[in-house]
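All remarks here apply to the structure that follows.
Numbered from 1 within each chain, the chains take letters A, B, ... in sequence-line order.
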Amino acid sequence: MSVAADLGYSKNEIMIAASARGLAGAKNCFVGVGLPNIVCNLAQRTVAPDLQLVYESGVFGARPERLPLSIGDPTLVSGSTAVTSMFELFAYYLQAGLIDVAFLGGAQIDRFGNLNTTVIGDYAKPKVRLPGSGGACEIAIHARQILVIMRQAPRSFVEKLHFRTSPGHSGDPEHDRARGWWGSGPTSVVTDLGTYGFDEATGEMTLLTLHPGVTLDQVRESMGWDPRVSPDLGQTPAPTQDELRLIRDELDPDGTYTK
Amino acid sequence: MSVAADLGYSKNEIMIAASARGLAGAKNCFVGVGLPNIVCNLAQRTVAPDLQLVYESGVFGARPERLPLSIGDPTLVSGSTAVTSMFELFAYYLQAGLIDVAFLGGAQIDRFGNLNTTVIGDYAKPKVRLPGSGGACEIAIHARQILVIMRQAPRSFVEKLHFRTSPGHSGDPEHDRARGWWGSGPTSVVTDLGTYGFDEATGEMTLLTLHPGVTLDQVRESMGWDPRVSPDLGQTPAPTQDELRLIRDELDPDGTYTK
Amino acid sequence: MGSKVTTMREAVAELVRDGDTVAIEGFTHLICFAAGHEIIRQRRRDLTLARMTPDVIYDQMIGAGVARKLIFSWLGNPGVGSLHAVRRRIEDHDPEPLEIEEYSHFGMVCRYVAGASNLPFFPIRSYYESDIPNVNPNIRTMVSPYEDATEVAVVPPLRPDVTVVACQRATQDGDAQIWGLLGCQKEAAFAAERVIVVCEEVVEGSVVRRDPNRTIIPGVVVDAVVEQPFSCHPSFAQGYYDRDNAFYLKWDQIAREPETFEAWLKEWVYDLETHADYLEKMGADHWESLKPEPAMSGEVDYGRYA
Amino acid sequence: MGSKVTTMREAVAELVRDGDTVAIEGFTHLICFAAGHEIIRQRRRDLTLARMTPDVIYDQMIGAGVARKLIFSWLGNPGVGSLHAVRRRIEDHDPEPLEIEEYSHFGMVCRYVAGASNLPFFPIRSYYESDIPNVNPNIRTMVSPYEDATEVAVVPPLRPDVTVVACQRATQDGDAQIWGLLGCQKEAAFAAERVIVVCEEVVEGSVVRRDPNRTIIPGVVVDAVVEQPFSCHPSFAQGYYDRDNAFYLKWDQIAREPETFEAWLKEWVYDLETHADYLEKMGADHWESLKPEPAMSGEVDYGRYA
C-alpha cells in the first residue's frame with residue numbers, strides 16, 4: 001500500500017514531480033521511456049520550457065502525438081527536427097558533451113551512485129540476468145548531470161553492488177572523474193521516500209528531503225547502509241494541483257506509469 | 001607536335017584507348033575528372049559493361065547528363081543511386097577494400113611507381129607547390145589495382161622523387177605492401193609513348209608495348225632512368241574506329257581532353 | 001548486373017551457414033523477424049548472434065536453439081521486461097548454456113564501425129570504472145600518443161558473416177533506402193561478409209535515383225534482396241506499419257514457460273512454410289489495423305544539370 | 001528559443017575573431033564564398049584556415065592576408081589548375097610566408113571526426129611509406145592492442161573555433177538540411193566551438209519536421225543562421241544553382257598577378273558592402289543562367305502515429 005495514499009497523490013506522482021523540478025533550466029536532455037519520459041514532459045511544461053528531448057534512438061525535437069511506448073516509437077520520429085545514426089548520437093552528441101542531463105536507474109545502487117543493471121548474483125551463472133549497460137555506461141560518464149529515479153528497498157540500495165555497470169562517484173576526490181570526463185556523475189536521486197544529493201567532497205549520497213508523511217526510520221529501513229543525512233534535512237514539496245493535472249490529464253491519462 | 005598525328009588519332013586518344021582496355025572486367029572504379037573520366041566511360045561502353053563509377057566526391061552509380069567539369073559536378077548527383085559523406089566514402093568503401101581499380105597521376109613518378117603530387121624542389125620553400133595528396137595516398141594503399149596515366153618526360157619520369165606523396169612498390173619483395181594493405185599497388189602505366197607493367201619480383205616498371213610509330217630510343221630519351229624492357233616487347237594496338245567514334249562523338253565532343 | 005531478388009528461403013539457405021556470426025540489426029525499428037523465423041525454420045545451429053539490443057526475435061531464435069553465443073549491449077523486451085528464453089539459458093543453462101560477450105551500446109556501434117572501416121580497433125571514451133571490461137577481455141585500453149596522453153578504451157572490429165537489414169524500399173540491385181530510425185544498419189551491413197536486404201517493396205531504380213541521399217546501403221555490398229511486406233512484425237517500418245505492442249506484451253507470457261514457448265514456435269514458425277503464411281494466419285484485419293495515416297515528407301529539388 | 005537568424009556581417013563580427021581557426025568546408029558543393037568575402041571585408045588577421053580542398057575562396061582569403069596558416073589535404077583550383085595567390089606565399093613568401101600543415105583527404109576527414117567525437121586521436125590505415133608524416137609530426141603511428149598488432153597511422157582531433165556551413169535550407173533555430181554532396185560539413189560543424197549556418201532559404205520548422213532524416217546539422221550546435229541566396233557562387237547549391245565554371249577559369253587569370261588580384265578584391269569585395277551588392281553587380285541575368293531545370297526527389301511517407 002502506498003505511504004502517500006492518504007495525501008491525494010501516488011508514490012510515482014511525487015517522484016515525477018520532484019524529479020521534474022530537478023530539471024529546472026536544463027536544455028539538452030537524454031530521455032528514456034516510462035517515468036523519465038513523463039518527468040521530462042512535465043518539466044517542459046513547468047520549470048524547463050527550453051528542454052530539448054534527445055532520445056537514445058537518435059531522435060531530436062520529437063513532438064509525439066501519443067505517449068511513446070518505447071524510446072524507438074515511430075511517433076517520436078514523425079514531426080521531429082532530426083534523426084541521426086546511433087554512431088553519431090553517441091559520438092557527436094553524448095561523447096562530445098552536448099547532453100546536459102540524463103536519467104539512470106538500476107536494480108542496485110550504492111552510496112556513491114554506482115549502478116548495477118547487469119546481474120544479480122555471480123556474473124558467470126547469475127541468479128537474475130538483467131538487461132546490461134545499453135547506453136548507461138556512456139551516459140554515466142558523459143552526461144553533464146545524472147538524475148536517478150528508483151524506488152528504494154534494502155535489496156536495491158546496497159552496501160556492495162554485485163556488478164558495477166555504470167560509474168557513479170569513486171569516493172576518492174583525488175581520483176574521481178579525473179580523466180577528462182564531461183559528466184559530474186549522479187547529482188540527485190529521487191525515490192518513493194525522499195530526495196538525495198551527493199556530497200561534494202566524498203561523493204556520498206546524502207538525504208536532502210523526506211516526502212510528506214515519510215519518517216527517517218522508514219528511509220533507514222529501506223536501504224543497505226546508514227545514509228548520510230543533510231544537517232538541514234527538509235521536506236519534499238508535495239506535487240502541486242497544476243503538476244497533478246498535467247500528469248493525470250495530459251501526460252499519462254491511462255495512469256500507465258503513475259498509478 | 002604529336003608523334004601520332006599522321007596515324008589518325010591523338011596522343012591522348014591512344015592513351016585513353018589503351019587505358020580503357022586495362023579496365024576489362026573491372027567492377028568498382030574510383031574515378032577522377034579529365035582523362036580518367038573519359039577512360040572509364042569508354043571502358044563502360046566497350047570492355048567493362050559492369051563498371052561502377054565511384055566518384056571521390058561520394059557519388060555512386062552516376063548518370064551524368066553532361067561531361068562533368070569536376071568530380072563534384074552537380075550533374076553527377078542528380079540521377080545517381082547513392083550519395084555518401086566523405087568519411088563513409090574513405091572508411092567504408094576505400095579503406096574497406098571495395099574499390100577494385102583507381103587512377104593516379106602526378107608531377108613525378110619513379111621506377112617503382114611511387115608518385116609525387118606535393119612539391120617540386122624543397123618542401124619548406126618549394127620551386128613549385130603542387131596540390132598535395134588529396135585522396136591519392138589512401139587510394140594508392142587501398143585500391144586493389146592502380147592505373148597510372150601520364151605523359152612521359154625526363155622531368156616527370158625521374159630516378160628520384162622530390163617527395164613521395166603516395167606509395168608505389170618499395171622494390172623490396174620482403175617488405176613490400178606487407179602490412180595488410182588491400183592494394184597491390186600500381187599495375188600499369190600508360191604514357192603517350194607506350195604501356196608499362198610492374199615486375200612481380202622487383203616491383204620495377206617494365207615497358208610492355210610501344211605505341212605505333214614510337215621507338216625504344218624515344219622512350220629512353222623521355223625518362224630519367226634506363227627502363228626495364230619486357231623480353232617480348234610488343235606494339236600497342238591502335239585505337240579502333242569504334243573507340244575513336246565513341247571518344248569523339250559521345251564522350252568528348254568538344255575535344256576538351258582528347259585534342 | 002543481374003537482379004539480386006530472391007526468396008527468404010533461398011537467401012537464408014544460400015547465405016546463412018551453421019556456425020556463422022549473424023547480425024539482424026535495427027534499433028526498435030526495422031527488426032527483421034521474418035529472417036529470424038526462416039533461420040529457425042531451416043534449423044541453423046551454432047550461430048553466434050550479434051545485435052545491440054537482443055529482443056523478442058533473439059529470444060525466439062536462442063530459445064529455438066540456433067545459437068551458441070550472443071554478442072550484445074542490451075538484453076530485454078523493450079518497454080515490457082525480460083527475455084525469458086534467453087534468461088533460462090544464461091541463468092539455468094536450460095536447455096544448454098549460452099556464451100555471452102557484452103558491451104555498452106556505443107561499444108557495439110563502434111565494433112561495427114571498425115568492421116565496416118577495416119580498422120583493427122576503435123577508440124571510445126567509455127568503460128572507465130565499470131566492471132564490464134573485467135568480464136570482457138576484448139575491451140582494452142590505449143593511451144593517446146599526443147601530449148594529452150588521454151587513456152581511452154578500445155573495442156575490436158565486429159565482422160558478421162551475414163548481416164540482415166530490413167528497409168522500406170530497395171532496387172533489385174540492392175540499393176536500399178531507409179527513413180526514420182537508422183540504428184546501426186549501415187555500419188552492420190558494411191561490416192559484414194554477406195548482406196541480405198529485406199524490403200517492404202522492390203522499386204524501380206528510377207525511384208531511388210530521384211533521391212540518392214536517401215540511400216543508406218548501396219547495392220555494391222548486398223548479396224540478396226528479399227521483398228517481404230511486414231517482415232518486421234511485431235517491430236515496425238516507419239510509414240508502413242506500427243509496432244504491434246500487444247504482441248510484445250503477449251510474448252512476455254508466451255516465453256515464460258518452455259511449453260508455451262515451444263507451442264508458439266510450432267504454430268507460428270515450424271508449421272508455416274513462409275512469412276506469407278504467417279501474414280495470412282494473422283489475418284488481413286490485423287495488418288490493416290497497424291497501418292498509420294500518411295505523413296508525407298515533401299519533395300526537394302536536385303536540379304537537372306544537362 | 002529565440003531566432004538565431006542574423007546578417008553575415010553580424011555573424012562574422014560576433015563569431016569570427018583574429019587568430020581563430022576557421023573552417024569553411026564543402027567538397028566542391030556548398031562552399032560559402034560569401035562568408036569568406038565578409039571575413040576579408042572585416043579584415044580579420046592571423047587566422048588559421050582549415051579545409052580539405054582549399055580552392056578559389058581560400059586563394060582570395062589568403063591572398064587578402066587574413067591567414068597566417070593553412071591546414072589542408074588538396075590545394076588547387078578544381079578542374080582548372082593552381083591557386084596563384086597561395087603559391088606566391090608558399091613559394092616566394094610574397095608578401096609573407098604561409099605556414100602549412102598538410103594531410104591526405106582521409107586524414108583531414110578523420111581529424112574532424114575526432115574533433116566532433118571528443119576523441120584524442122583517430123586511427124587510419126594510411127601514410128604507409130609516404131613522406132607526408134616526415135613533414136607533419138602530427139601524424140603518428142599506433143599498434144593495435146589485439147593479436148594482429150596491426151600498425152596504423154593516427155591523426156589528432158581538429159576543433160575549429162568557427163565552422164561555416166552552407167546548406168540549402170535551415171530553420172531559424174539552425175536545423176540545417178542538405179542534399180547532394182555532403183563532404184564533411186556535418187563533422188566540421190560538430191567539431192567546432194562556434195557554427196555559422198548560411199542557407200539559401202530560412203524555412204518554417206514544419207518544412208524540416210516533415211523530413212527529419214534530411215537534417216544534417218541540428219540547431220543545438222548552431223550559433224547563427226544567415227539567409228543568403230547564392231552565397232556559394234562560384235561554387236554551387238544542388239537544385240538551386242550550377243557551378244559557375246567560367247568564373248573558375250577566369251580566376252586563374254585574375255590571380256596570376258598581384259595587381260589583377262588586388263583590383264578584383266577591391267571591385268568585388270572591399271568596394272561592396274554585402275553579398276547582396278555582389279549579386280546586384282553581377283546582374284540578374286547571370287543568376288538566371290545558373291538555375292537548373294527542376295528534378296524533384298519524390299516524397300516518402302513517415303506515417304502519422306497518433
Side-chain angles (χ1 to χ4, degrees), chain C residues 114 117-125 138 140-152 154-157 168-169 177-182 206-214 216 236-243 291-306, chain D residues 114 117-125 138 140-152 154-157 168-169 177-182 206-214 216 236-243 291-306:
Chain C
S117 308
N118 180 33
L119 282 173
F121 62 87
F122 201 92
I124 67 178
R125 291 184 187 254
N138 280 340
R140 305 190 182 171
T141 60
M142 287 178 97
V143 174
S144 166
Y146 298 103
E147 293 49 41
D148 56 286
T150 305
E151 181 183 300
V152 295
V154 295
V155 292
Q168 283 102 334
R169 65 189 187 193
Q177 299 196 320
I178 295 178
W179 52 99
L181 301 177
L182 302 173
S206 58
V207 173
V208 162
R209 289 178 181 278
R210 285 171 70 186
D211 197 357
N213 283 95
R214 193 92 63 193
I216 299 296
F236 68 100
Q238 191 80 38
Y240 285 74
Y241 48 96
D242 198 352
R243 184 176 193 253
K291 285 189 180 157
E293 293 299 308
M296 305 308 288
S297 65
E299 294 194 273
V300 300
D301 185 357
Y302 278 85
R304 192 178 165 200
Y305 296 87
Chain D
S117 309
N118 180 34
L119 282 174
F121 62 86
F122 201 92
I124 67 178
R125 291 185 188 251
N138 281 339
R140 305 194 180 167
T141 59
M142 288 180 95
V143 174
S144 167
Y146 297 102
E147 293 49 42
D148 56 286
T150 305
E151 181 182 299
V152 295
V154 295
V155 292
Q168 282 102 335
R169 66 190 187 192
Q177 299 196 320
I178 295 177
W179 52 98
L181 301 177
L182 302 173
S206 58
V207 173
V208 163
R209 288 179 181 278
R210 286 172 69 187
D211 197 357
N213 282 95
R214 194 93 61 194
I216 299 296
F236 68 100
Q238 191 80 38
Y240 285 74
Y241 47 95
D242 198 352
R243 183 174 193 255
K291 287 189 181 158
E293 292 299 308
M296 305 309 287
S297 65
E299 294 194 273
V300 299
D301 185 356
Y302 278 84
R304 196 180 159 197
Y305 296 87

**Q.** Closest approach of D/Pro157 to D/Ala114 (non-hydrogen atoms, all atoms of both residues)
**A.** CA-CB, 3.7 Å
Q: Answer with yes or no whether the side chains of D/Asn138 and C/Tyr146 bring together a donor and an acceptor at under 3.5 Å.
A: no
Q. Measuring heavy-atom distances to chain C, does D/Ala306 have an atom under 4.5 Å in its side chain, in its backbone, in both, or in neither?
A. neither
Q) What part of D/Tyr240 is in contact with chain C, defined as an atom under 4.5 angstrom from a non-hydrogen atom: side chain, backbone, both or neither? A) backbone
(Q) Please rank C/Met142, C/Arg214, C/Gln168 by heavy-atom pairs under 4.5 Å with chain D and give me the top one. (A) C/Arg214
Q.
Among C/Val152, C/Val207, C/Leu182, C/Val155, which residue has the highest count of heavy-atom pairs closer than 4.5 Å to chain D?
A. C/Val155
Q: Answer with side chain, backbone, both or neither: which region of C/Ala149 has an atom nearer than 4.5 Å to a non-hydrogen atom of chain D?
A: neither
Q: Answer with side chain, backbone, both or neither: which region of D/Leu181 has an atom nearer than 4.5 Å to a non-hydrogen atom of chain C?
A: neither
Q. For D/Asp242, is it the side chain, the backbone, both, or neither that has a heavy atom closer than 4.5 Å to a heavy atom of chain C?
A. both
Q. Which atoms of D/Asp301 come close to chain C, meaning under 4.5 Å heavy atom to heavy atom: side chain ones, backbone ones, both, or neither?
A. both
Q: Examine whether an atom of C/Pro145 lies under 4.5 Å from a heavy atom of chain D, and if so say whether it belongs to the side chain, the backbone or both; otherwise answer neither.
A: both
Q.
Is the distance from the ring center of D/Phe122 to that of C/Phe122 below 6.0 Å?
A. yes
Q. Using non-hydrogen atoms only, which part of D/Val300 is less than 4.5 Å away from chain C: side chain, backbone, both, or neither?
A. both
Q. Does any heavy atom of chain C fall under 4.5 Å from the side chain of D/Val143, the backbone, both, or neither of them?
A. backbone
**Q.** Nearest-0.5 Å distance that lies between atom CZ in D/Arg304 and atom CE in C/Met296
**A.** 15.0 Å
Q) Of the listed residues (D/Ser144, D/Gly298, D/Ala237), which shares the most heavy-atom pairs with chain C below a 4.5 Å separation? A) D/Gly298
Q: Check each atom of C/Arg209 against the heavy atoms of chain D and say whether the ones under 4.5 Å are side chain, backbone, both or neither.
A: neither
